[in-house]
Chemist: 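Dropping the structure in here first, questions after.
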2 protein chains.
Amino acid sequence: MNTDQNIGVATTRKTFAILEVLKEEEGLTITEITQRTDLTKSTIYRHLKTLSEMGYVIERDDGFYIGLRLLEIGEKTRNREAGYTIAKRKVFELGQETDERALFFVEEDLDGVYLHRYGSLSETMIGKRRPLHSLASGKVILAAWDDDKVDQYIAEKGLTEYTSNTTTDPDSLYEELNHIREQGYAVNNEEYMDGLCGVSVPVYTPENELLGALGVFGPTSRFKDKYMRNELVDRLWDKAGEVKVTIAYG
Amino acid sequence: MNTDQNIGVATTRKTFAILEVLKEEEGLTITEITQRTDLTKSTIYRHLKTLSEMGYVIERDDGFYIGLRLLEIGEKTRNREAGYTIAKRKVFELGQETDERALFFVEEDLDGVYLHRYGSLSETMIGKRRPLHSLASGKVILAAWDDDKVDQYIAEKGLTEYTSNTTTDPDSLYEELNHIREQGYAVNNEEYMDGLCGVSVPVYTPENELLGALGVFGPTSRFKDKYMRNELVDRLWDKAGEVKVTIAYG
DNA sequence: CATGAAATACCGCATAGTGAAACAATTCTG
DNA sequence: CAGAATTGTTTCACTATGCGGTATTTCATG
């Protein structure tokens, strides 16, 4: 067993260190990237030239930018499953019909990731990662797992406290997940961010495998218990069912 | 001047050679990637281990997949400009209102790239690259350039013929671009693919810089001249104007 | 035109990536 | 269930290649 970081290619790590910096802030110059990484000017220079020659990075007058060839690669993940594309449509419909923010959420490496979102003002949040135990959609995914995998999540990721409402105790989490399994949906009551509530349901494939979670979220002022548990949940179940049916019968 | 491919980091090229293969076809094993590249088994092994350790690639039972961390990086490009996000909304509205396929198109490295699209069945096409001279949206972008840049496009990319309707002669192209500049929109009459027509308008920022092109496309049977040039163009102009206004005044 | 800063080019050195081959694990096959 | 075949993983010696310090050029600025 080899657990040290020495496996693999150090050069590739450097390349992605640069790309991650550009993801955070575009239009940086070489010397600005020097300050944000522990890489040398010549190293960054060489890497950026390589990347821009291949189109993964774009060089403009004011600095370097992420290239659209990386978008092309990344988008592959959103088209992997037929259900993902259908879910995209459902997210938009949800947003339009409820006039709230809506999302489709999947898990990767024990993180929750936004795959589709409706209702963002400036940023789409797509690809952003969130802790599963602190969001309605995340808890829906946890509830679909067996105890072993939930244990693994707790062990590897920990139940970090984001607000005073975050579930940080394993036993409480297990109890809550059982409850979610029974009722078929999850609610987030300001557990990740103060003032933000949400409700979410699981989306299954025709083979009854979990595809992801479909959810709606918004300000506490508007997201009262009755609103979420009656109006929104029913609509979410409908949409989740439509995804399943559309996968099966087009 | 250094024009050979020896500039830069060869190792990074190998990493992306692997990622490009996975973009084309996910779920490949190491030996399958060996057949699709000129890389050694051990090299691919080491690169994949590095990439999956960083989350840019996901290892499953049946092979390797593009990781969502690459989606996160790639999505940065779609949120770069405020106008991009607004255009996304407009593309969806266009699709809903016309019940046709709609797109928002930008240029990078002399290629046209789909940034937003509505109405795809299985694949979103986002990030896919198309030749500018063979699509309505591409010609709109060419028409916004000065002759020098159009010359550069012709020289570097060439006017490849995709159908018998593709404009392959520089003089005809210049003539057509002038026409597009006058009328303020472009039409694609089966110039990229037989049976496929489209119409597109430019989208400008409040500073009157070209942001991209907004378009609608569909089958020749439905996309008659009057339909495109009256109904659709007016609606496209409206939406393009709304993008501009929304950028300026929120 | 001088000054400073950033980008680019150069180059010797040692590291780190490479490929071949050996080994282990897994699957296929009769 | 044994043996074969395929694939994944590890090892290792070699040297190609990535690295960083420095030199040079370009560019902006006063």
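The chains referred to below are lettered A, B, ... by the order of the sequence lines, with proteins before strands, and numbering in each begins at 1. Since this is a predicted model, take the numbers as computed values, not measurements.
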Chemist: Given that B:Glu59 and A:Asp38 both sit by DNA chain D, which one's nearest nucleotide is further toward the 5' end?
Modeler: B:Glu59
Chemist: Mind checking B:Lys41 for me? I need base, sugar-phosphate or nothing, with any heavy atom below 4.0 Å counting as a touch.
Modeler: base
Chemist: Expressed as a whole number of angstroms, how long is the span from A:Tyr45:OH to D:dT24:C1'?
Modeler: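 It is 12 Å, rounded to the nearest whole Å.
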Chemist: Using whole Å, report how far CZ of B:Arg46 lies from C1' of D:dG8.
Modeler: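 The distance from CZ of B:Arg46 to C1' of D:dG8 comes to 14 Å, rounded to the nearest Å.
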Chemist: Check whether any side-chain heavy atom of B:Glu107 sits under 4.5 Å from a side-chain heavy atom of B:Val113, and report yes or no.
Modeler: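 B:Glu107 vs B:Val113: side chains apart.
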Chemist: Considering only heavy atoms and no angle criterion, is a donor-acceptor pair shorter than 3.5 Å present between the side chain of A:Thr11 and the base of D:dG18?
Modeler: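 Looking at the base of D:dG18, it does not pair with any donor or acceptor on the side chain of A:Thr11 (distance under 3.5 Å).
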Chemist: So do A:Tyr65 and B:Lys76 actually touch side chain to side chain, heavy atoms under 4.5 Å?
Modeler: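 Side-chain contact under 4.5 Å: no.
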Chemist: Quick one: bend of the helix from C:dC1-D:dG30 to C:dG30-D:dC1 from 5 pairs per end, to 10°?
Modeler: 50°
Chemist: If you take any heavy atom closer than 4.0 Å to DNA chain C, which residues from residues 18-32 of chain B end up in contact?
Modeler: none
Chemist: Nearest whole angstrom, please: distance from the P of D:dG18 to the NZ of A:Lys14.
Modeler: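 It is 10 Å, rounded to the nearest whole Å.
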Chemist: Please report, rounded to the nearest Å, how far the C1' atom of D:dC27 is from the CG atom of A:Asp61.
Modeler: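 Whole-Å distance recorded here is 13 Å.
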Chemist: Does a side-chain heavy-atom distance below 4.5 Å link B:Leu68 with B:Tyr56?
Modeler: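 Sidechains of B:Tyr56 and B:Leu68: no contact.
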Chemist: How long is the gap from CG on B:Leu48 to OG1 on B:Thr29, to the nearest 0.5 Å?
Modeler: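 Reported value, rounded in 0.5 Å steps: 10.0 Å.
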Chemist: Is the backbone of B:Glu32 close enough, under 3.5 Å, to the side chain of B:Arg36 for a donor and an acceptor to pair up by distance?
Modeler: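 Confirmed, B:Arg36 side chain pairs with B:Glu32 backbone.
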Chemist: In whole angstroms, how far is the P atom of D:dG18 from the CZ atom of A:Arg13?
Modeler: 16 Å
Chemist: Whole angstroms only, please: what is the CG-P distance between B:Leu39 and D:dT17?
Modeler: 13 Å
Chemist: For D:dG18, take OP1 and OP2 only and decide whether either is under 4.0 Å from a side-chain N or O of A:His47.
Modeler: no
Chemist: Say whether A:Thr167 and A:His133, considering side chains only, have a donor N or O and an acceptor N or O under 3.5 Å apart.
Modeler: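 Side-chain D/A pair, A:Thr167 to A:His133: absent.
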Chemist: How close or far is atom C1' of C:dA6 from atom CD of A:Gln35, stated in whole angstroms?
Modeler: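 Result: 11 Å.
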Chemist: What integer distance in Å separates B:Asp62:CG from D:dT6:P?
Modeler: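 These atoms are roughly 21 Å apart.
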Chemist: When you measure from the side chain of A:Arg129 to the backbone of A:Glu108, do you find a donor-acceptor pair of N or O atoms at a distance under 3.5 Å?
Modeler: yes
Chemist: On the nucleotide D:dG8, are OP1 or OP2 found under 4.0 Å from the side-chain N or O atoms that B:Lys49 carries?
Modeler: no
Chemist: Please classify the nucleic acid contact of B:Thr43 as base, sugar-phosphate, or nothing, using heavy-atom distances under 4.0 Å.
Modeler: sugar-phosphate
Chemist: What is the ring orientation for B:Tyr185 with B:Trp237, classed by angle as parallel under 30°, tilted 30 to 60°, or perpendicular over 60°?
Modeler: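 The rings of B:Tyr185 and B:Trp237 stand perpendicular, inter-plane angle above 60°.
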Chemist: Aromatic rings A:Phe16 and B:Phe16: how do their planes relate, parallel, tilted or perpendicular, breaks at 30° and 60°?
Modeler: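 Ring orientation of A:Phe16 relative to B:Phe16: parallel.
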